[in-house]
S.K.: 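One structure coming up, written as C-alpha cells, with questions to follow.
Computed from a predicted model, the values in this text were never measured in an experiment. Throughout, protein chains are lettered first and strands after them, A, B, ... in sequence-line order, and every chain is numbered starting at 1.
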Amino acid sequence: MKKVVALAGNPNSGKTTLFNHLTGGNQRVGNWPGVTVDKKEGTLRRNPEIKIQDLPGIYSLSPYSPEEVVSRNYLIEERPDLIVDVVDGSNLVRNLYLATQLAELRVPLVIALNMMDVVEKTGAKIDVRELSERLGCAVVPISAARGTGIDELIAVIQSTLEAAPAAPGVLTFSPQTEAALAQVMGILATHTSADLLRYSSIQALQADELTLARLQLSANELAMIKGIRTELEQDLDDEIDSIITQERYEALGRLADAVQTIGPAKLSPTDRIDRIVTSRLLGLPIFILVMFLVYFVSIQTIGTMATDWVNEVVFGDVVPGAVESFMTARDVAPWLLGLVNDGIVAGVGAVLGFLPQMFVLFLCLAILEDSGYMARVAFVMDRIFRRFGLSGKSFIPLMISTGCSVPGIQASRTMENERDRRLTIMTASFMPCSAKLPVIALIAGAFFGGSAWVTTSFYFIGIAAVIVSGVILKKFKRLAAEPAPFVMEMPSYHAPRALTTLKYALSKSWAFIKRAGTIILLSAIVIWFLSNFDWSLRMVEESGADSILASLGNALAWLFYPLGFNNWQSIVATITGFIAKENVVNTLGIVMNLGSGLTEESPELLQAFGALLNTHGAYSFLLFNMLCMPCFAAVGAIKTEMASTKWTLAAVAWQMGLAYAVSLIYYNLAQWFVNGIFGLWTVAAIAVLILLVALLLRPNRYLALGQKKELVSA
Amino acid sequence: MPLTLLRPGEKATIRNIAGKDEIGCRLRTMGLVEGAATELITSDNNIMLVKVGECRLALDKGMASRVIVAL
C-alpha cells in the first residue's frame with residue numbers, strides 16, 4: 001500500500017518549495033503567507049510508492065480561516081503515515097509551537113529544519129542533535145531555497161516509514177494542567193481512539209468547538225469538562241487558552257535556550273527596509289511608484305517593443321505570407337485560405353502577439369511576490385481600505401488578480417471573515433488581468449496614442465470599483481460586517497531568486513499559449529465562420545455586415561446603444577470576451593479583417609475602429625469590458641469559492657450592473673460636457689449617478705448585526 | 001502600557017494579552033505571549049508593524065491595544 005507523507009508547518013516556512021524538491025513538481029511558491037490555499041498531492045521522486053501531500057500553512061491546530069481548516073481536517077481525519085513538519089529555523093520557537101501540537105496527534109514526526117542558510121548568515125547556531133533528543137523525533141537541517149539537505153531528508157523519510165517508529169514525545173504541562181487533563185481523558189476515553197485521546201482532551205479542555213462537535217458528548221459530559229476547565233482557570237488565575245499556550249511557549253523557551261545560540265543582535269535589513277517601505281509618509285507613494293513601474297515596464301516599454309515586433313513581423317508578414325504561398329501553391333479553396341489567414345492567424349495571432357508583454361508582466365509580479373513586498377502591500381493598503389470598511393488583506397487577492405483572476409479569487413481563502421471573503425471574491429475581477437491587457441493596449445494605442453495613463457488608469461479604476469462595491473455592498477444585510485481584525489505575518493525580504501521567478505513567468509506564459517492554442521483557436525474558427533457566412537450559409541462580402549455574427553450583434557445593439565458602442569463588432573467582441581478576455585482582441589482582429597497588422601499603431605485599425613466609435617465610445621467600451629463579468633474560468637472559480645449558485649449569480653449580476661452603470665455614466669456625461677450632446681440618456685446617466693451616490697452615502701443599518709462574531713465552519 | 005503607546009524603535013517585553021476570545025487566542029499562537037520580546041517598527045493611526053521574537057507581525061490598533069507591554 002502507498003505510504004502518505006504530509007508536509008505541515010507555519011505559513012511561509014517553505015513547504016511548497018520543499019514539496020517541489022521532493023516530488024520534482026512545479027507548484028507555485030511565493031514569499032508571503034498563504035500562497036498555498038489547497039492541499040496538493042505528488043509522489044516522491046524515484047519512489048512512487050510514497051505519496052507527498054502539501055498542505056496550507058497553519059500556526060496551530062486551531063484554524064481561523066478556510067485554508068487552515070483544510071490542513072487541520074486532513075491531519076486529524078486522514079492521519080498520514082508520517083508528518084514532516086517544516087520548521088523555519090530562523091524563527092525557531094514560534095515554529096516549534098505547531099510541532100508540539102503535531103506530536104500530540106501520535107503520528108510519526110520528522111522535523112525538516114528549514115532556512116538553515118538564513119540561520120547561518122545571522123551567526124546563530126542550532127544544536128540539531130540536542131533538538132532531536134528533546135523532541136523525540138528526527139530533525140534534518142535543510143535549506144529548501146538552496147536545495148541543500150534534501151537527499152538526507154528523503155533518506156530519513158524512507159527509513160522512518162520502514163521502521164514504523166514510535167510517535168514523538170509529547171510536551172508535559174504543569175502539574176495542575178496535567179491533573180485537569182487526566183480528568184478530561186477519563187471522560188473522553190470511550191469517545192475517541194487511544195491515539196487521539198491526549199490531543200482531543202487538550203482541545204476539549206480548551207473548548208475547541210470543532211473538536212467538541214466531533215466527539216459527540218452528552219450534556220452531562222460537556223458540563224463535567226466545563227467544570228474541570230473552570231476549576232483549572234481559578235486555580236491558575238488565567239483563562240484556559242492562555243494557560244495552555246503560555247505553558248507550551250514556556251517549555252519551548254527552555255528548549256530554545258538549550259539548543260540555540262543567537263548571533264549578535266543587529267538591525268536586520270528587513271527591518272531597515274520596512275522602516276521606509278511601510279512608513280506612514282512613504283508607504284503609499286512607494287506602492288504607487290512600484291505599480292506604475294511594473295506596468296510601465298511590461299506594457300509601455302520592454303513588453304511593447306517585443307509585442308510590436310511579433311505583431312508586425314511574425315503575424316504581420318512572415319506567417320500570413322508563408323501560409324498564403326503554401327496554400328496557393330497547392331490550389332487550396334479560397335475559403336480555407338480565408339479561414340486560416342483571416343480567422344486563425346488574425347485571431348490567434350492577435351492574441352499571441354501580446355505574449356511578450358504578458359511574460360514581462362508575470363516576471364514583474366513574480367519578483368514582487370518573491371521579494372516579500374506583496375505582504376507589505378496589504379499593510380500599506382489597509383489604512384486606506386479600512387476607512388471604507390474593507391480589510392487590507394483583500395489587497396493580496398487583488399494584486400494576484402492583476403495576473404489572473406482565477407488564482408486571485410482562490411487567494412481570498414486566507415481571509416478569516418466570511419463576509420470580507422465573499423466581497424473580495426465578488427470584486428477581485430475588477431482588477432485588469434493579463435488577458436485584459438491586450439484589450440486595453442489595443443484601444444489605448446488606437447484612440448489615445450498609446451498613453452501610459454490610459455493603461456494605468458484601469459488599475460486605479462479597478463481599485464476604485466472595489467472600494468465603491470465594498471461601501472455599497474457592505475450596507476446589505478448579508479455582507480454587513482466590520483472587517484476582521486488585521487493580523488498578518490510579514491515575511492523577511494530576500495533578493496528575488498532568478499530561477500523561481502523565471503519558472504513562474506514561463507509557466508504562466510505557457511498557460512497563455514495553451515489557451516491561445518485551444519479555447520482561443522476554437523473561438524477564432526467559430527467567429528470567423530459566423531462573421532463570414534449568413535443565415536443561409538452563403539459566404540458574405542468582405543465587410544461582414546450581412547453575416548450571422550453581425551445580425552446577432554445587431555440584435556443586441558439596443559442594449560449597448562446608451563453606452564456608446566452599439567456597432568455589432570464591439571458587441572460581439574464583448575460577448576466572446578465572456579469565454580476568455582483575449583477573445584475581445586481575437587474577435588476584433590477577425591471581424592475587422594485586419595489579419596495583417598493588428599498593432600496598436602496600425603492605421604488600418606485606427607481607421608476601421610475610428611469609423612465605428614468615437615473616443616468616448618471607445619473608453620466606454622473599455623470600461624464595460626474591464627468591469628463586467630470575468631471569463632468563464634473566473635466565474636467557475638467564483639462558484640467554487642462561494643460554494644453557492646445564488647452567491648455566484650449575485651456576484652455576476654453585481655459585476656454586470658456596475659459595469660453598465662459606470663459605462664453609461666461615463667459615456668453620456670462625457671458626450672454632454674465635451675461634445676455638448678444632451679438627451680434622454682444623459683438624464684438616465686445622471687439618475688444612475690445619483691442612485692450610486694445615494695447608495696454610497698446611505699447609512700449602514702446592519703453594521704451592529706454584522707458585528708456578531710462569525711465562526712469559521714469546518 | 002498597551003503596545004500602541006510604543007514609539008518606533010522602542011523595545012519592550014510582553015506582559016499580558018487581554019481578552020478571552022478567538023483573536024486573543026490567535027495572537028498567542030502567533031507568538032505574542034508573556035515574556036516575549038517585542039519592538040515597534042512602524043505605526044500610524046490604524047495599523048502597526050511589530051517584531052515579536054524573530055517574526056514580524058502587522059496588527060491593527062484594536063488588537064495591539066490589547067497587548068500589554070513593559071519597557
S.K.: Which atoms of Leu32(B) come close to chain A, meaning under 4.5 Å heavy atom to heavy atom: side chain ones, backbone ones, both, or neither?
M.R.: neither
S.K.: Could you have a look at Met48(B), Glu34(B), Arg26(B), Met63(B) and say which one has the most heavy-atom pairs with chain A under 4.5 angstrom?
M.R.: Arg26(B)
S.K.: Is Ser492(A) in contact with chain B via its backbone, its side chain, both, or neither, using a 4.5 Å heavy-atom distance?
M.R.: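 Both backbone and side chain.
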S.K.: For residues Arg275(A) and Gly9(B), report the shortest heavy-atom separation together with the two atoms involved.
M.R.: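 Distance-wise, the nearest heavy atoms are NH2-CA, 3.8 Å.
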S.K.: Heavy-atom distances under 4.5 Å only: say whether Thr278(A) touches chain B with side chain, backbone, both or neither.
M.R.: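 Contact with chain B: backbone and side chain both.
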S.K.: Is Lys61(B) close to chain A through its backbone or its side chain, or both, or neither, when contacts mean heavy atoms under 4.5 Å?
M.R.: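 Neither part; nothing is under 4.5 Å.
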S.K.: Do you know which of Arg280(A), Arg387(A), Glu250(A), Gln206(A) has the most heavy-atom pairs with chain B at a distance under 4.5 angstrom?
M.R.: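 Highest number of heavy-atom pairs under 4.5 Å: Arg280(A).
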S.K.: Which pairs, with at least one residue in residues 96-105 of chain A and sequence neighbours excluded, count as a side-chain hydrogen bond (donor to acceptor under 3.5 Å, both in side chains)?
M.R.: Thr100(A)-Arg248(A), Glu104(A)-Arg248(A)
S.K.: So, for Phe385(A) and Phe486(A), is the gap between ring centers shorter than 6.0 Å?
M.R.: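 When the ring centroids of Phe385(A) and Phe486(A) are compared, they turn out to be at least 6.0 Å apart.
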S.K.: What part of Arg386(A) lies closer than 4.5 angstrom to a heavy atom of chain B: side chain, backbone, both or neither?
M.R.: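 Only the side chain of Arg386(A) comes within 4.5 Å of chain B.
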S.K.: Would you call Arg421(A)-Glu67(A) a salt bridge at under 4.0 Å N-O?
M.R.: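 Salt bridge absent between Arg421(A) and Glu67(A).
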S.K.: Only pairs of heavy atoms separated by less than 4.5 Å count here; which of Ala64(B), Ala58(B), Gly31(B) has the most with chain A?
M.R.: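 Highest number of heavy-atom pairs under 4.5 Å: Ala58(B).
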S.K.: In chain order, what residues pass the side-chain hydrogen bond (donor to acceptor under 3.5 Å, both in side chains) check against Asn46(B), with sequence neighbours excluded?
M.R.: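 In terms of side-chain hydrogen bond (donor to acceptor under 3.5 Å, both in side chains), with neighbours along the sequence ignored, Asn46(B) is linked to no residue.
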S.K.: Check whether Arg383(A) gets within reach of chain B through its side chain, its backbone, both or neither, counting any heavy atom under 4.5 Å.
M.R.: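 For Arg383(A), heavy atoms of backbone and side chain both lie under 4.5 Å from chain B.
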S.K.: When you compare the side chains of Ser174(A) and Glu247(A), does any donor N or O come within less than 3.5 Å of an acceptor on the partner?
M.R.: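 Yes, side-chain donor-acceptor contact under 3.5 Å.
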S.K.: Between Asn91(A) and chain B, with a heavy-atom cut-off of 4.5 Å, which part of the residue counts as in contact: side chain, backbone, both or neither?
M.R.: both
S.K.: Please assess Asp271(A) against Arg56(B) for the test salt bridge (charged side-chain N to carboxylate O under 4.0 Å, His left out), listing each intermediate value before the final yes or no.
M.R.: CA-CA 9 Å; Asp271(A) 293 338; Arg56(B) 292 162 196 87; 2.7 Å; yes
S.K.: If I measure from the heavy atoms of chain B, does Val487(A) come under 4.5 Å with its side chain, its backbone, both, or neither?
M.R.: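 Answer is both: backbone and side chain atoms of Val487(A) are under 4.5 Å from chain B.
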S.K.: Top residue by heavy-atom pair count (under 4.5 Å) with chain B, among Asp382(A), Ile244(A), Thr270(A)?
M.R.: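 Ranked by contacts with chain B, first place is Thr270(A).
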S.K.: Contact part of Leu27(B) toward chain A, heavy-atom cut-off under 4.5 Å: side chain, backbone, both or neither?
M.R.: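 For Leu27(B), side-chain heavy atoms alone lie under 4.5 Å from chain A.
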S.K.: Check each atom of Tyr249(A) against the heavy atoms of chain B and say whether the ones under 4.5 Å are side chain, backbone, both or neither.
M.R.: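 The answer is the side chain of Tyr249(A).
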S.K.: Should the pair Arg272(A) and Tyr493(A) be classed as cation-pi, given the thresholds of under 6.0 Å to the six-membered ring centre and 45° from the axis?
M.R.: no
S.K.: Does atom CD of Glu231(A) have more than 12 heavy-atom neighbours, drawn from other residues, nucleotides or ligands, at distances under 6.0 Å?
M.R.: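 No, the 6.0 Å shell around CD holds no more than 12 heavy atoms from other groups.
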